[in-house]
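Reading through the structure tokens given below for one structure.
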Amino acid sequence: MGETMTGVYLPGGSAVRLASVPVPVPGPGQVLLRVGASTICGSDLRAIYREHLGAGPEAYQDVIAGHEPAGTVVEVGPQVRGLAVDDRVVVYHISGCGRCADCRLGYQISCTSPERAAYGWQRDGGHAEFLLAQARDCLPLPPELSMVDGACVACGFGTAYEGLCRAAVSGADRLLVVGLGPVGQAVGLLGGRLGAPLRIGVDVSERRLAAALELGAIDHAVTVDEADDAIAELTGGAGCEVAVDCSGATAGRSLAVRGTARRGRVVLLGEGARFDVEASPLLLHRQLTVHGSWVTSTYRMAELLDRLARWQLHPEIVVTDRFALADAGTAYRLADAGDRGKVAIIPN
Ligand SMILES: [Zn+2]
Ligand SMILES: [Zn+2]
């Protein structure tokens with residue numbers, strides 16, 4: 001392989017910078033991946049691309065961007081067991097300390113050790129031809145799934161699946177999805193596979209509503225203005241047993257709570273803003289359970305990969321645009337326009 005590779009950096013101010021850097025060499029416990037796909041996430045736009053807003057686990061440290069990678073092992077470092085050249089893998093996008101309670105549970109996302117590093121935030125990510133990964137962060141990608149499928153699971157579909165599992169969604173539950181970006185679409189698609197017999201989707205964008213309907217992610221598309229009345233009408237006045245907020249907006253979260261049936265469950269997945277509802281009438285007196293959920297665990301991600309293969313559900317159906325590494329600037333501009341589906345960078 002070549003001595004150098006191209007990497008994509010996000011200096012802030014909605015800019016994208018390409019740089020030539022050395023191809024890394026795997027050390028103990030590490031593997032080198034040839035990146036097959038690396039998708040762009042809403043959090044990359046929110047906390048890095050527009051300006052560097054993040055602190056703590058979201059502080060961008062001028063590394064190669066991209067935290068949703070899938071790739072093929074091309075080189076194995078010393079002391080790696082269970083991975084070999086040509087293995088196809090998805091990278092769980094946070095490398096934790098491996099010793100704290102969160103890491104032991106597989107939720108490296110919640111690790112608070114100074115050793116914790118997220119790919120694309122504090123250590124080099126997937127927007128490059130090659131990626132240096134810890135072997136323990138790599139999950140096998142089933143042969144039925146593509147590299148773009150894998151990249152979609154690395155963050156978005158994993159996050160959606162975790163939220164649905166927290167609420168234990170089943171055939172008994174009508175499902176309300178507020179916010180139909182890529183994570184909201186994933187919630188609808190996976191919720192359907194888990195048995196939800198009715199899925200109502202709400203968004204401010206007509207284009208996203210139409211796209212979600214066309215994908216089969218929802219059964220009914222509802223605009224924000226008509227949402228309360230439409231949810232009541234579609235559920236015989238009861239509301240949905242489970243509501244998932246993927247908007248990350250205060251008003252979106254309130255709508256999700258109002259649209260939840262008595263004794264139902266609300267899951268908050270969208271990042272940012274505030275949660276601001278009248279606690280007694282909306283939550284306490286209606287006996288609601290509210291789940292806050294952040295990404296997923298390595299266990300759940302592996303389970304999802306297995307189920308996707310059996311369901312023959314390909315996450316890449318939410319991808320609307322694919323770009324080469326050299327066109328990363330265009331990819332980010334398009335993703336930031338806010339009414340597309342998932343945007344993918346295909347480095348090789
Ligand atoms: Zn993400
Ligand atoms: Zn840890």
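In listed order, ligands and their atoms are each counted from 1. Since the structure is predicted, the reported quantities are computational estimates derived from the model, not experimental observations. Along the sequence shown, residues are numbered consecutively beginning with 1.
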Item to check | Centroid separation Tyr332 to His127 less than 6.0 Å | outcome: yes
Item to check | Residues Arg265 and Asp173 bridged, charged N to O under 4.0 Å | outcome: yes
Checklist entry - Within 45° of the ring axis of Tyr9 and under 6.0 Å from its six-membered ring centre, is that where the NZ or CZ of Arg17 lies? => result yes
Next on the checklist: Centre-to-centre under 6.0 Å for His52 and Tyr60, is that the case here?
Outcome noted: yes
Checklist entry - Taking both backbone and side chain into account, is any N, O or S atom of His93 nearer than 2.8 Å to the Zn ion (ligand 1)? => result no
Next on the checklist: Tell me the angle that OE2 of Glu68 and NE2 of His67 form around the Zn ion (ligand 1), rounded to 10°.
Outcome noted: 100°
Checklist entry - With a cut-off of 2.8 Å, how many protein N, O or S atoms neighbour the Zn ion (ligand 2)? => result 4
Next on the checklist: Whether the side chain of Glu58 engages the backbone of Ala55 through a donor-acceptor N/O pair (distance < 3.5 Å, no angle test) should be reported.
Outcome noted: no
Item to check | Stepwise side chain to side chain contact (heavy atoms under 4.5 Å, CB included) test for Val222 and Asp203 | outcome: CA-CA 7 Å; Val222 172; Asp203 201 284; over 6 Å; no
Checklist entry - When hydrophobic residues are tied together by side-chain contacts of less than 4.5 Å, even through go-betweens, does Val242 share a cluster with Val187? => result yes
